[in-house]
Amino acid sequence: MENSKKVLEVKNLSAVYNTEAGVVKAVNDISFTIHEKETLGLVGETGAGKTTTALSIMQLLPEKTGEIKKGSSIMYNGDELIGKSQAEMRLIRGACISMIFQDPMTALNPLMTVGEQIYESLDIHNVNNKSKQELEARVDELLELVGIPAKRKINYPHEFSGGMKQRIVIAIALACEPLLLIADEPTTALDVTIQAQVLNLMRELKEKLSTSMIMITHDLGVVAQTCDKVAVMYAGEIVEYGRIEDIFDREKPHHPYTIGLFDAIPSLVGESTRLKPIDGLMPDPANLPTGCHFNPRCKQCTEGCKKDGEMYIYRDGEHMIRCNLMKGEGK
């Protein structure tokens, strides 16, 4: 995988929201790389900065409040995205990079049939000047591809269940066969059975179309099923990064936050009467703690963790942990 082509390279990305209440530091100096056919899981609680990272890649931050800080870089296929005009980005969105949003009901236009919405995506990026008949045939093909009969293209979004709406959103996202797909918690609003079906569908389509993917989620079970690498985010920072084997191997060292996420998952082997949630709440991004941002919730916190300065970075191959407690692990 490492010898394959780099599809996306994010370097030192920092993004803020300038509000009347102050500057909200949503993403703070993160870096990661995605290669061809690779899936990266962005994991963390609500407010960790996952969606802001995705919106930064798509250049969809709110125009008047959102800002990507100087020194940030987002390279797609070797081409810098930061600084591109909206006209240039419109040619990239959908055709090269697509995004599946969290709520399919708000992602679909209630006044247009689902066929019209898929057709619109194809028509916008119709660089080969295909005829209307060819585009309509592609709409039928895409609906069948995601398990919906083509004859239902004349129906409106409210005539579908939540799982079927999400399938339609996936069809729109994959219409132009993008090299990179960003899935922002695509199964959050679905029940467990439908969630499994949608995840299986996404995995099958990813393999069929050779698409790279960013899977944004707070569910480590979803990560285990779909991802090759994992970036654990907390308060806008990547606190742990590695291959799926690195993150899920409990014998290896881990960031206290990663351990907390795993402890909050019900065990299928041991007996327990209660889950172990992480005490406290995600810090206010407009007023982040000094030192390690996780220190107010960390039971192993030392005085050194509360001081500003460079955090110790543990590295073992691709496995990275940003934590002063890792100094004893020494690599």
Side-chain angles (χ1 to χ4, degrees), residues 8-32 34 40 42 44-77 79-112 117 120-121 123-125 157 169 172-173 176 178 180-186 188-189 214-218 231 233-238 281-290 293:
L8 185 76
E9 193 170 12
V10 174
K11 289 184 179 179
N12 308 117
L13 174 63
S14 294
V16 301
Y17 296 103
N18 299 300
T19 70
E20 293 181 358
V23 178
V24 176
K25 298 177 181 177
V27 175
N28 304 301
D29 195 24
I30 68 170
S31 300
F32 59 85
I34 300 175
L40 171 71
L42 281 185
E45 294 169 275
T46 299
K50 307 184 299 297
T51 298
T52 298
T53 300
L55 294 176
S56 297
I57 294 168
M58 297 292 286
Q59 300 292 288
L60 286 174
L61 289 177
E63 189 175 343
K64 294 185 179 179
T65 57
E67 178 190 356
I68 296 176
K69 303 297 287 183
K70 288 182 179 179
S72 303
S73 174
I74 302 172
M75 302 285 286
Y76 168 76
N77 257 354
D79 189 18
E80 180 62 64
L81 297 183
I82 297 175
K84 283 192 179 296
S85 67
Q86 284 301 311
E88 290 173 314
M89 283 305 302
R90 273 194 291 271
L91 298 176
I92 293 171
R93 297 188 199 110
C96 303
I97 308 174
S98 277
M99 187 164 174
I100 301 171
F101 293 93
Q102 191 168 352
D103 184 357
M105 197 61 227
T106 57
L108 294 170
N109 187 335
L111 302 179
M112 294 172 66
Q117 295 184 60
E120 182 181 51
S121 179
D123 191 37
I124 289 171
H125 300 289
V169 170
I172 294 171
C176 299
L180 177 63
L181 179 65
I182 302 173
D184 187 2
E185 303 200 25
T188 297
I214 298 175
M215 174 64 76
I216 298 173
T217 182
H218 56 264
M233 290 193 72
Y234 186 82
E237 294 180 338
I238 293 177
L281 299 171
M282 184 75 67
D284 179 359
N287 185 27
L288 292 170
T290 57
H293 298 333

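If you're wondering where the values come from, they're calculated on a predicted model, not measured in any experiment. Starting from 1, each residue takes its place in the sequence as its number.
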### Query
Which residues pass the side-chain hydrogen bond (donor to acceptor under 3.5 Å, both in side chains) test with Ser85, sequence neighbours left out?
Glu88
Using a 3.5 Å cut-off and no angle test, enumerate the donor-acceptor pairs between side-chain atoms of residues 9-16 and protein atoms at least two apart in sequence or in another chain.
residue : atom : partner : partner atom : Å
Glu9    : OE2  : Lys6    : NZ           : 3.4
Asn12   : ND2  : Asp29   : OD1          : 3.0
Ser14   : OG   : Asp29   : N            : 2.9

### Message
Against Thr53, only a single residue in Ile216, Val27, Ile74 fulfils side-chain contact (heavy atoms from CB on, under 4.5 Å); can you say which?
### Response
Val27
### Summary
Thr290 meets the side-chain hydrogen bond (donor to acceptor under 3.5 Å, both in side chains) criterion, sequence neighbours left out, with none
### Query
Who pairs with Leu288 by side-chain contact (heavy atoms from CB on, under 4.5 Å), at least two apart in sequence or on another chain?
Lys25, Asn28, Ala235, Pro283, His293
### Query
When rounded to the nearest 0.5 angstrom, what distance separates SG in Cys96 from CG in Leu180?
10.0 Å
### Cys176 versus His125, closest heavy-atom pair with distance
SG-CB, 3.8 Å
### Task
List the steps and the verdict of side chain to side chain contact (heavy atoms under 4.5 Å, CB included) for Leu108 and Ile172.
CA-CA 10 Å; Leu108 294 170; Ile172 294 171; 3.7 Å; yes
### Selection residues 57-72 - residue pairs positive for salt bridge (Lys or Arg N to Asp or Glu O under 4.0 Å), sequence neighbours left out
Glu67-Lys69
### Task
Identify the two heavy atoms, one from Thr217 and one from Glu185, that lie closest to each other, and give their separation to 0.1 Å.
CA-CG, 3.9 Å
### Query
Can you name the side-chain hydrogen bond (donor to acceptor under 3.5 Å, both in side chains) partners of Ser121, sequence neighbours left out?
none
### Query
Of the non-hydrogen atoms in Ile182 and Ala54, which two are nearest, and what is the gap between them?
CG2-CB, 3.7 Å
#### Entry: Straight-line distance of Asn77 CG to Ile97 CD1, nearest 0.5 Å
8.5 Å
### Query
For the atom pair NZ (Lys50) and CE (Met233), what is the distance rounded to the nearest 0.5 Å?
8.0 Å
### Summary
side-chain contact (heavy atoms from CB on, under 4.5 Å) filter on Thr46, not counting sequence neighbours, yields none
### Query
Taking only residues two or more places apart in sequence or in another chain, which ones pass side-chain contact (heavy atoms from CB on, under 4.5 Å) with Thr65?
Tyr17, Pro62
### Query
Within a reach of under 6.0 Å around CG of Leu281, are more than 12 heavy atoms found that belong to other residues, nucleotides or ligands?
no
### Message
As a quick check of understanding, evaluate side chain to side chain contact (heavy atoms under 4.5 Å, CB included) for Asn109 and Glu120, giving each step before the final call.
### Response
CA-CA 11 Å; Asn109 187 335; Glu120 182 181 51; over 6 Å; no
### Task
Can you sort out the partners of Gln86 under side-chain contact (heavy atoms from CB on, under 4.5 Å), two or more places apart, ordered by chain and number?
Arg90, Arg93
## Note on the structure
By side-chain hydrogen bond (donor to acceptor under 3.5 Å, both in side chains), Asp284 pairs with (sequence neighbours left out) none
## Note on the structure
Taken to the nearest 0.5 Å, the spacing of Gln59 CD from Tyr76 OH works out to 14.0 Å
### Task
Please report the closest heavy-atom contact between Glu80 and Ser73, naming both atoms and the distance.
OE1-OG, 2.7 Å
### Atom pair CD1/CD1 of Ile34 and Ile214 - distance to nearest 0.5 Å
3.5 Å
### Task
Specify the closest pair of heavy atoms between Gly47 and Met282, including all atoms of both residues, with the distance to one decimal.
O-CG, 4.1 Å
### Task
Any chance you could measure Leu81, atom CG, to Ser56, atom OG, to the nearest 0.5 Å?
11.0 Å
### Query
So, for Pro178 and Gly94, which heavy atoms are closest and what is the spacing to 0.1 Å?
CB-O, 4.0 Å
